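The structure presented is a predicted model; accordingly, all values stated were derived computationally and were not measured.
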Amino acid sequence: MKACVAPSLLAADFADLKSEMDMINRSECDWLHIDIMDGVFVPNISFGFPVLKHVARLCRKPLDVHLMIVQPEKFIAEVKALGALTMNVHLEACTHLHRVVQQIKESGMKAGVTLNPATPVAMLEDIITELDVVMLMSVNPGFGGQKFIEHTLDKVRQLRNLVDRRGASALIEVDGGVNRDTGRRLREAGVDILVAGSAVFKAPDPIAEISALKNL
């Protein structure tokens, strides 16, 4: 089965978002990955819902919304209003993770949980069967263009083992430093969804790059 590819909006040219969305719509990508940052949970601030309403209007691909924020449950209604397919929250940002996951699913969206590089996969043991997606950060969240953390490959194998052992249906997603080389190795380790920012939007031919990633 081909990889699911989700280009990351964070790496797009914000001076020409309409052209970037036209490219996304014409490409073979499966989702558009959207990173919302609050300057609290992560050091940076990205974009808010007024901007994302325009992105959602222009984009014909399903939206994969990744909230790098504290108290993400406060924004379930806003994410749903964008028409998002998936709402992804950080385990580290949710005191009551099971409740947040249930609220996301009750809203009609798929529920995703993200782990930072230093958070062990074992933390998901008690909730893995409730999840639609698990995303592993392969860089420290908050900035684009970082170098891939090699230990992520071991975490992917651990997560694949957990999913299979528990009979869960969660898809495995990885975000950070994904390109053709790391993407190939991630796929071999068991990844379903590749989030790629700079590798796509900074490529000479982004549409061809997306196609290459899909066929790894």
Side-chain angles (χ1 to χ4, degrees), residues 3-10 12 17 21 24-25 29-42 44-116 119 121 123-137 141-142 159 162-163 166-176 191-197:
C4 174
V5 175
S8 176
L9 183 67
L10 198 63
L17 267 182
M21 290 305 98
I24 289 293
N25 292 336
C29 81
D30 301 272
W31 298 350
L32 177 65
H33 186 80
I34 296 174
D35 292 306
I36 300 178
M37 305 178 187
D38 63 359
V40 179
F41 181 70
V42 293
N44 216 345
I45 294 174
S46 57
F47 28 68
F49 292 102
V51 171
L52 293 178
K53 286 177 183 177
H54 294 287
V55 170
R57 179 173 55 84
L58 293 170
C59 184
R60 297 198 299 270
K61 303 287 186 173
L63 304 181
D64 176 33
V65 179
H66 174 202
L67 277 75
M68 302 185 196
I69 68 175
V70 298
Q71 297 182 305
E73 64 273 13
K74 288 186 174 182
F75 298 96
I76 291 174
E78 285 85 347
V79 176
K80 174 65 176 176
L82 292 175
L85 172 71
T86 305
M87 176 170 166
N88 215 311
V89 300
H90 273 259
L91 177 146
E92 303 86 0
C94 297
T95 303
H96 303 289
L97 182 62
H98 185 272
R99 179 186 298 160
V100 176
V101 166
Q102 292 306 308
Q103 289 172 334
I104 293 169
K105 295 176 86 165
E106 287 167 6
S107 78
M109 293 183 288
K110 293 183 181 297
V113 168
T114 300
L115 301 185
N116 280 338
T119 303
V121 166
M123 296 289 286
L124 296 171
E125 180 76 40
D126 291 334
I127 199 169
I128 189 65
T129 57
E130 303 290 327
L131 305 180
D132 298 298
V133 178
V134 175
M135 185 162 72
L136 301 179
M137 293 302 301
L159 179 55
L162 174 61
V163 168
R166 294 295 304 277
S169 58
L171 297 175
I172 299 176
E173 184 172 14
V174 169
D175 180 9
V191 168
D192 302 296
I193 306 160
L194 298 171
V195 176

Open item on the list: Is any side-chain heavy atom of Val195 closer than 4.5 Å to one of His66?
Closed with: no
- [ ] Find out whether Phe41 and Asn116 are in side-chain contact, i.e. whether some heavy atom of one side chain is under 4.5 Å from a heavy atom of the other.
- [x] yes
Open item on the list: Determine whether a donor-acceptor pair (N or O, by modelled atom type, separation under 3.5 Å) exists between the side chain of Asp175 and the backbone of Gly197.
Closed with: no
TODO: List the atom of Ile69, the atom of Asp38, and the distance in Å for their closest heavy-atom pair.
DONE: CA-OD2, 3.1 Å
Open item on the list: Any non-hydrogen side-chain atom of Leu17 less than 4.5 Å from a side-chain atom of His54?
Closed with: no
- [ ] Please tell me if the side chains of Leu97 and Val89 come closer than 4.5 Å, counting only heavy atoms from C-beta onward.
- [x] yes
Task: Heavy-atom pair of closest approach, residues Val191 and Ile172 - done: CG1-O, 3.6 Å
- [ ] For the residue pair Met109 and Ile76, establish whether any side-chain heavy-atom pair is separated by less than 4.5 Å.
- [x] yes
TODO: Search all heavy atoms of Val163 against all heavy atoms of Ala170 and return the closest pair with its distance.
DONE: CG1-O, 3.9 Å
Open item on the list: What I want to check is whether the side chains of Ser8 and Asp35 have a donor and an acceptor closer together than 3.5 Å.
Closed with: yes
Open item on the list: I'd like to check Asn88 versus Glu173 (side-chain heavy atoms, cut-off strictly below 4.5 Å). Are they in contact?
Closed with: yes
Open item on the list: Taking atom NZ as the centre, does Lys110 end up with more than 12 heavy-atom neighbours from other residues, nucleotides or ligands that are less than 6.0 angstrom away?
Closed with: no
